[in-house]
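Below is a structure I'd like to ask you about.
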Amino acid sequence: MDIALRSIFLFFVVFILTRVIGRRELSSLQPFDLILLIVLGDAIQQGLTQDDYSVTGSLIVISTFAVLQVGISYLSFRSRRLRPIIDGEPLVLVQDGKVIEKNMRRERLTHGELAAAARQEHIASLETIRWAVLETNGKISFIPKDG
């Protein structure tokens with residue numbers, strides 16, 4: 001039972017931590033970010049299982065995480081009020097060719113990162129964008145101006 005309680009606690013700690021850290025797409029992680037994720041996973045494992053290296057202990061942790069993830073997903077599906085808290089909301093970064101600095105600072109994105117994402121979508125200039133939206137999955141969607 002102790003392992004299940006630790007699993008529940010650490011699940012919500014990681015959930016809150018990922019919401020606070022921000023929306024970075026896994027494919028855009030820098031090498032240091034990836035190493036940090038690996039170290040975080042190892043640190044969590046130490047807190048979850050302590051000295052229990054049994055298959056039963058692992059199954060309890062995995063099952064608890066799976067049930068919590070399905071529960072969170074179901075809450076997000078069923079409750080419109082909880083959806084922005086659980087999944088987040090899209091954030092407009094560019095409107096009518098003008099960068100919204102407040103939103104860029106909020107997500108700790110640089111102009112260079114935004115420009116690089118635009119170039120990957122074959123957009124040469126931010127002035128040609130009607131909207132650039134940071135989606136809840138960390139990807140930036142670009143909607144060009146007409147004409």
Side-chain angles (χ1 to χ4, degrees), residues 1-95 98-126 129-144:
M1 185 65 168
D2 185 41
I3 290 178
L5 293 176
R6 284 194 305 254
S7 299
I8 292 168
F9 176 74
L10 286 173
F11 178 88
F12 286 108
V13 166
V14 171
F15 180 79
I16 292 168
L17 184 64
T18 57
R19 296 292 293 146
V20 169
I21 288 175
R23 309 175 226 190
R24 291 279 182 166
E25 214 177 339
L26 285 177
S27 64
S28 68
L29 290 177
Q30 297 297 321
F32 181 76
D33 297 329
L34 185 59
I35 291 168
L36 196 57
L37 281 176
I38 293 168
V39 170
L40 177 66
D42 188 49
I44 289 170
Q45 181 272 331
Q46 296 294 325
L48 280 172
T49 59
Q50 291 181 341
D51 291 330
D52 184 350
Y53 297 108
S54 69
V55 172
T56 306
S58 295
L59 286 175
I60 291 170
V61 170
I62 292 167
S63 299
T64 303
F65 272 29
V67 167
L68 289 171
Q69 180 57 35
V70 168
I72 293 272
S73 178
Y74 183 76
L75 277 175
S76 174
F77 172 72
R78 296 291 294 165
S79 174
R80 288 184 183 206
R81 287 186 179 186
L82 290 178
R83 196 170 301 144
I85 296 167
I86 294 171
D87 296 332
E89 293 182 297
L91 186 65
V92 177
L93 300 175
V94 176
Q95 184 171 6
K98 298 197 180 1
V99 176
I100 302 173
E101 296 293 337
K102 180 179 93 173
N103 292 348
M104 294 283 287
R105 278 192 306 274
R106 176 177 159 192
E107 291 299 324
R108 295 177 307 281
L109 287 170
T110 66
H111 287 268
E113 291 170 324
L114 182 61
R119 286 190 302 273
Q120 288 175 347
E121 296 295 320
H122 306 288
I123 298 171
S125 172
L126 296 179
I129 298 171
R130 175 173 289 163
W131 289 297
V133 180
L134 180 62
E135 304 294 349
T136 58
N137 64 0
K139 186 171 174 22
I140 300 175
S141 297
F142 295 95
I143 300 166

task = Test Ile72 against Phe12 for side-chain contact (heavy atoms from CB on, under 4.5 Å), laying out the working first.
result = CA-CA 10 Å; Ile72 293 272; Phe12 286 108; 3.8 Å; yes
inquiry  = I need the Ser54 OG to Ile60 CD1 distance, nearest 0.5 Å.
reply    =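 Between atom OG of Ser54 and atom CD1 of Ile60 there are 7.0 Å.
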inquiry  = Quick check against the 3.5 Å criterion: does Ser73 have a side-chain atom that pairs as donor or acceptor with the backbone of Gln69?
reply    =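 Checking the backbone N and O of Gln69 against the side chain of Ser73, no donor-acceptor pair under 3.5 Å is found.
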request  = Examine distances only and state if a side-chain atom of Ser63 and a backbone atom of Leu59 form a donor-acceptor pair shorter than 3.5 Å.
outcome  =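 Present.
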key: CG-CG distance between Leu10 and Leu17, expressed to the nearest 0.5 angstrom   =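 So the CG of Leu10 and the CG of Leu17 are separated by 11.0 Å.
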request  = With side-chain contact (heavy atoms from CB on, under 4.5 Å) as the test, would you mind laying out the steps for Leu68 and Phe15 before giving the verdict?
outcome  = CA-CA 11 Å; Leu68 289 171; Phe15 180 79; over 6 Å; no
message = Looking at Arg130 and Pro144, would you say the former's side chain and the latter's main chain have a donor-acceptor pair under 3.5 Å?
response =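 Judged by distance alone, no pair lies under 3.5 Å.
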key: Residue pair Thr110 / Glu113: nearest heavy atoms and the distance that separates them   =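 Distance-wise, the nearest heavy atoms are N-OE1, 2.9 Å.
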Ser7 to Thr64 - nearest heavy-atom pair and separation =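 Here Ser7 and Thr64 meet closest at CB-CG2, 3.6 Å.
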inquiry  = I need the minimum non-hydrogen distance between His111 and Met104, along with the two atoms involved.
reply    =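 In terms of heavy atoms, the two residues are closest at N-CE, 3.9 Å.
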task = Kindly give the heavy-atom pair with the smallest separation between Ile140 and Ala132, and that separation in Å.
result =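 Heavy-atom minimum between the residues: CG2-CB, 4.2 Å.
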query = When rounded to the nearest 0.5 angstrom, what is the spacing between CG in Leu93 and OG in Ser141?
reply =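 Here the rounded value is 10.0 Å.
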task = Might you point out which heavy atoms bring Val92 and Asn103 nearest each other, and give the distance in Å?
result =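 Scanning both residues completely, I find the closest heavy atoms to be O-ND2, 2.6 Å.
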request  = Could you tell me which non-hydrogen atom of Arg83 sits nearest to which non-hydrogen atom of Ser76, and how far apart they are?
outcome  =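 Residues Arg83 and Ser76, closest heavy atoms: NE-O, 2.8 Å.
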task = May I ask you to test the Ile38-Asp42 pair for a side-chain heavy-atom distance under 4.5 Å?
result =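 Of all side-chain heavy-atom pairs linking Asp42 with Ile38, none is under 4.5 Å.
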key: Gap between atom CD1 of Ile143 and atom CD of Gln95 - 0.5 Å precision   =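 So the gap between those two atoms works out to 10.5 Å.
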key: Ring geometry between Phe77 and Tyr74 (parallel below 30°, tilted from 30 to 60°, perpendicular above 60°)   =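 Plane angle between 30° and 60°, so tilted.
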key: Audit row: Val94, Val99, side-chain contact (heavy atoms from CB on, under 4.5 Å) steps and yes/no   = CA-CA 4 Å; Val94 176; Val99 176; 4.1 Å; yes
ask   = Roughly how far, to the nearest 0.5 Å, is the CG atom of Leu114 from the CZ atom of Phe142?
value =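 Interatomic distance, Phe142 CZ to Leu114 CG, rounded to 0.5 Å: 5.0 Å.
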message = Distance check, rounded to the nearest 0.5 Å: Leu91 atom CG versus Arg106 atom CZ?
response =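 One finds 5.0 Å between CG of Leu91 and CZ of Arg106.
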